[in-house]
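Down below is the structure, laid out as structure tokens.
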Amino acid sequence: MHWSDVMAGRLAERGQRHIIATGITPSGEFHIGHLREILTGDMIARAARRAGMEAELVFVVDNADPLRKVYPFLDPSYEAFIGHQLGSIPAPDADGKPDWKRFNEEGWTYGDHFLVPFLAALKQIGVIPRLLPNLEAYRSGKFSASARIACDQREQIREIVERVSGRELPESWFPWQPLDSKGSLDGLTITGYDYPLVHWTDSHGESGSSNIEKGEGKLPWRLDWPAKWGFNSITCEPFGKDHGAAGGSYDTGKEIAVLFGHEPPIPLTYEWISLRGQGAMSSSSGNTIGPIEALQLVPPEILRFLVANSKPSKAIEFDTGMGLVNLADEFERLSARDFDEEMKDDSLSRRKRVQLEDAKVALELSAIDEAGRSGAASVSFRHLALLAQVKPDDMAVWESLQSSGAIDQPTSQLVDRLSRMRSWIESTHFPDDMRVDLCAEPDVAALEALSDAQRRVITALKRTIEAADWTVDGITAAFKVAGEEAEVGMRDVYRASYALFMGAERGPRLAPILSNCDQSDIVSLVNQASALTS
RNA sequence: GGGCCUGUAGCUCAGUCAGGUAGAGCGUCGGACUUUUAAUCCGAUGGUCGCGGGUUCGAACCCCGUCGGGCCCGCCA
């Protein structure tokens with residue numbers, strides 16, 4: 001059974017209506033690791049709906065969290081905002097400086113700056129969650145009930161956190177973090193509590209009172225999370241393995257949730273996505289690939305397939321090179337199959353049946369449109385990569401596909417895919433193995449491996465290529481004539497030609513590629529090779 | 001020190017929850033298509049299931065131990 005269906009089964013035991021939560025802090029550039037969080041939630045929601053339940057995906061925007069440090073992309077002036085809430089400070093402009101103008105005129109905050117492009121990327125991959133901005137929730141008093149319980153029963157809370165996490169909280173610990181005289185959550189000392197006020201003194205020597213019902217501060221993370229579960233009626237939440245560790249915030253959260261008066265959500269811990277060859281992604285190290293950047297290269301349904309086809313407990317290595325080609329081609333192959341038909345075979349082993357079922361579901365979950373199925377593009381990624389390189393003009397690509405009978409008219413999906421393919425090819429991520437590269441000069445090793453008969457082909461090519469009419473047909477004819485002159489079969493002609501032009505044994509069809517090159521350059525290459533082999 | 005995840009074919013992984021003759025895809029090799037845009041089709045190749053014990057008629061699967069890799073148990077997500 002597919003992992004999403006396993007989750008749906010657990011949800012069904014609990015009830016028929018579900019709110020699946022995801023949550024991210026908009027402290028910096030979003031990366032594809034965050035995409036796993038959202039997609040995992042989206043897929044659980046889809047599975048629940050498929051099983052006949054009501055399910056909604058929500059995205060908690062943790063913009064009440066403070067800025068932790070001045071990241072490399074920020075101007076040093078952000079020093080003044082450390083400890084301030086991400087939804088209450090200005091966004092960085094192109095130079096990393098606070099953009100006060102937009103902040104004052106449009107209310108454009110630091111959190112918005114990172115969130116909005118991420119939402120655009122989500123839309124492309126077919127995920128449109130209901131947003132729950134956390135800072136606004138504090139300000140509108142949604143946290144009041146839980147905050148009061150936390151402050152009133154702070155010794156029970158302390159006991160839970162210390163027992164479950166195994167760590168000792170400092171004597172000064174208090175379950176509410178007020179904002180200080182400058183708007184920071186850092187460096188305060190709590191001096192007293194009279195509901196609804198928490199009294200404090202700050203690092204500037206000021207003192208004041210924070211009303212826990214008006215968002216003049218926030219709950220610490222371990223309390224903030226279970227509180228949100230309650231007033232948002234969250235029934236299920238996937239989260240990264242950091243939260244899932246024993247003694248981690250889910251463990252304390254599920255007990256605190258009960259104290260707050262509600263049931264904790266059904267959890268699902270997922271593994272990280274890392275970049276191939278580079279280790280875990282992290283916003284602060286700059287070792288990231290953003291969802292936007294990823295979507296410039298990868299068709300959205302294939303990004304979905306990557307997550308759908310990996311069990312959440314498995315770490316994913318995101319590979320923008322050959323791994324992507326293989327992934328995309330696997331997706332294409334699966335898309336072209338009819339699983340329902342295959343599963344009618346009663347002789348299938350249980351193992352095989354499971355495999356078919358999982359592939360079928362993964363494929364369904366990969367569709368951008370939940371109702372639709374992601375149809376096969378009928379062109380493999382490999383093939384498209386070749387065509388895109390060989391034919392600079394899109395129309396020529398479609399003509400080639402039409403003439404081979406692969407497609408009738410290019411679908412919008414295919415047009416979209418070609419444009420992403422072109423940006424991938426131009427990027428540094430495109431694998432060398434896939435690049436169509438003609439030799440600039442003869443590849444001696446490849447030529448030396450040729451048989452005598454094949455060497456005669458090169459000698460013959462020297463004349464026919466030079467004389468060729470420089471079109472696809474003309475070049476094809478030149479190969480044919482060379483074969484006749486050298487008295488060898490076409491197999492040898494091409495063996496020799498690939499060694500000559502690409503330093504390889506095989507390759508893509510040569511005539512269309514050569515026709516895009518300058519004839520004199522090719523002639524020169526053949527002449528040099530001919531000198532080496534004769 | 002405590003805990004979580006992970007280890008199965010050259011590679012990526014399924015199969016472990018419900019024990020019943022080791023699976024898929026890719027790769028590799030061979031063949032076909034009398035040349036094909038690295039295509040396609042067919043066939044073959046390939047595993048001491050990390051290791052050691054135990055339970056069982058029977059273990060990749062359950063139990064105990066052990067080794068390797070990743071991570072958490074500060075703040076914060």
Side-chain angles (χ1 to χ4, degrees), chain A residues 1-2 6 9 23-28 33-34 37 62 65-69 83 86 164-170 177 185-186 220-222 224-225 239-252 269-272 274 276 279-280 282-284 309-317 319 322-323 325-327 329-331 333-334 349-359 362 379-380 382-391 397 400-401 403-404 406 433-436 472 476 479-480 483 489-495 497-498 502 504-513:
Chain A
M1 196 164 23
H2 190 267
V6 173
I24 301 172
T25 303
S27 58
H34 294 126
E37 162 111 6
D62 281 314
D65 292 350
L67 182 70
R68 290 265 55 113
K69 61 184 202 178
L86 300 172
V164 177
S165 76
R167 82 184 219 246
E168 205 173 320
L169 294 173
Q177 303 175 317
L185 294 163
D186 292 347
W221 165 248
R222 281 181 189 259
D224 176 288
W225 201 20
F239 45 80
K241 61 176 176 178
D242 45 352
H243 293 293
S249 47
Y250 181 77
D251 265 7
T252 50
T269 308
Y270 61 83
E271 254 283 358
W272 301 127
S274 61
R276 183 177 172 75
S282 129
S283 310
S284 47
N309 202 36
S310 313
K311 289 197 302 190
S313 64
K314 284 280 181 186
I316 293 178
E317 268 204 5
D319 178 359
M322 280 313 286
V325 179
N326 293 330
L327 179 72
D329 282 346
E330 186 182 358
F331 176 77
R333 277 191 303 271
L334 291 176
S349 65
R350 172 172 152 238
R351 193 168 287 165
K352 209 152 194 175
R353 189 169 293 275
V354 166
Q355 237 156 23
L356 288 176
E357 275 169 12
D358 283 359
V379 182
S380 78
R382 275 197 144 79
H383 193 171
L384 193 63
L386 283 172
L387 292 178
Q389 290 178 85
V390 173
K391 316 244 182 217
V397 173
S400 164
L401 289 171
S403 71
S404 66
D433 287 358
M434 293 286 294
R435 232 174 252 287
V436 174
V472 173
T476 305
F479 282 123
K480 208 170 275 176
M490 291 308 284
R491 186 185 206 104
D492 285 321
V493 172
Y494 281 101
R495 261 295 152 88
S497 301
Y498 285 114
M502 306 188 78
E505 286 193 6
R506 295 185 305 176
R509 213 171 176 182
L510 281 168
I513 296 170

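Below, chain A is the first sequence line, B the second, and so on; all start at residue 1.
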- With sequence neighbours excluded, what pairs up with A/Val390 under the side-chain contact (heavy atoms from CB on, under 4.5 Å) test? A/Pro512, A/Ile513, A/Asn516
- Have a look at A/Asp65 and say if it touches a base, only the backbone sugar-phosphate, or nothing, with a 4.0 Å heavy-atom cut-off. sugar-phosphate
- Message: Between B/G7 and B/C13, how many Å separate the two P atoms, rounded to a whole number?
- Response: 9 Å
- Backbone N/O of A/Ala385 and side chain of A/Gln389: donor-acceptor pair under 3.5 Å: yes
- Query: Reckon A/Ser400 touches a base, only the sugar-phosphate, or nothing at all at heavy-atom distances under 4.0 Å?
  - Reply: base
- Message: Can you check the distance between B/U66 and B/A39, where both ends of the measurement are the C1' atom (answer in whole Å)?
- Response: 50 Å
- Those residues at least two apart in sequence (or on a different chain) that pass side-chain contact (heavy atoms from CB on, under 4.5 Å) with A/Ala511 are A/Val472, A/Ile475, A/Thr476
- A/Tyr250 OH to B/C5 P: how many Å, rounded? 15 Å
- Task: Return the orientation label for the A/Phe479 and A/Tyr494 ring planes: parallel under 30°, perpendicular over 60°, tilted otherwise.
- Result: tilted
- For nucleotides B/G1 and B/A59, find the distance between their C1' atoms and express it as a whole number of Å. 33 Å
- Task: Using the P atom on both, measure B/G47 against B/C41 and round to a whole Å.
- Result: 26 Å
Output a table of nitrogen or oxygen pairs between the protein and nucleotides 7-10 of chain B separated by less than 3.5 Å.
unit_1: B/G7; atom_1: OP1; unit_2: A/Lys314; atom_2: NZ; d: 3.2

Which pairs, protein N/O on one side and nucleotides 23-25 of chain B N/O on the other, fall under 3.5 Å?
unit_1: B/A24; atom_1: O4'; unit_2: A/Gln355; atom_2: OE1; d: 3.3
unit_1: B/G25; atom_1: O2'; unit_2: A/Arg333; atom_2: NH2; d: 3.2

- Message: Is there a side-chain contact between A/Lys311 and the phosphate of B/G15, meaning an N or O under 4.0 Å from OP1 or OP2?
- Response: yes
- Separation of atom CG in A/Leu327 from atom P in B/U12, rounded to whole Å: 14 Å
- Check whether any side-chain nitrogen or oxygen of A/Gln389 sits under 4.0 Å from OP1 or OP2 of B/A38, and answer yes or no. no
- Message: Students often get this wrong, so: under 4.0 angstrom with heavy atoms, is A/Lys391 touching a base, only sugar-phosphate, or nothing?
- Response: base
- Looking at every strand, decide which applies to A/Glu37 at a 4.0 Å heavy-atom threshold: base, sugar-phosphate, or nothing. nothing
- Could you tell me whether a side-chain N or O of A/Tyr498 sits under 3.5 Å from a main-chain N or O of A/Pro508, the two making a donor and an acceptor? yes
- Item | Aromatic plane relationship, A/His243 with A/Trp221 - under 30° parallel, 30 to 60° tilted, over 60° perpendicular | tilted
- Task: Please state the C1' separation for the pair B/A24 and B/U45 - nearest whole angstrom.
- Result: 16 Å
- Task: Take atom CG of A/Leu67 and atom C1' of B/A77, then tell me their distance rounded to the nearest Å.
- Result: 13 Å
- Gap between atoms CE and C1', on A/Met434 and B/A39 respectively (whole Å): 12 Å
- Query: Expressed as a whole number of Å, how far does the C1' atom of B/C63 sit from that of B/G25?
  - Reply: 34 Å
- Taking only residues two or more places apart in sequence or in another chain, which ones pass side-chain contact (heavy atoms from CB on, under 4.5 Å) with A/Asp186? A/Arg68, A/Ile82, A/Ser184
- By nearest-nucleotide position on RNA chain B, the 5'-leaning member of A/Trp221 and A/Ile316 is A/Ile316
- Message: Does B/C5 have its OP1 or OP2 closer than 4.0 Å to a side-chain nitrogen or oxygen of A/Thr269?
- Response: no
- Message: Give me the distance, rounded to whole Å, that separates B/C11 from B/C51 when you measure between the P atoms they each carry.
- Response: 15 Å
- Item | B/C51 - base-pair partner by Watson-Crick or wobble geometry, distances under 3.5 Å | B/G65
- Message: Heavy atoms only, 4.0 Å cut-off, all strands: where does A/Arg495 land among base, sugar-phosphate and nothing?
- Response: nothing
- On RNA chain B, nearest-nucleotide positions of A/Leu387 versus A/Asp358: which is more 5'? A/Asp358
- Span that lies between the C1' atom of B/G31 and that of B/G20, in whole angstrom: 38 Å
- Task: Decide yes or no for A/Val325 and A/Arg382: does some side-chain heavy atom of the first lie under 4.5 Å from some side-chain heavy atom of the second?
- Result: yes
- Item | Residues which pass side-chain contact (heavy atoms from CB on, under 4.5 Å) with A/Leu356, listed by chain and number, not counting sequence neighbours | A/Arg337, A/Phe339, A/Glu342, A/Met343, A/Leu348
- Message: Whole angstroms only, please: what is the CG-P distance between A/Asn326 and B/U28?
- Response: 11 Å
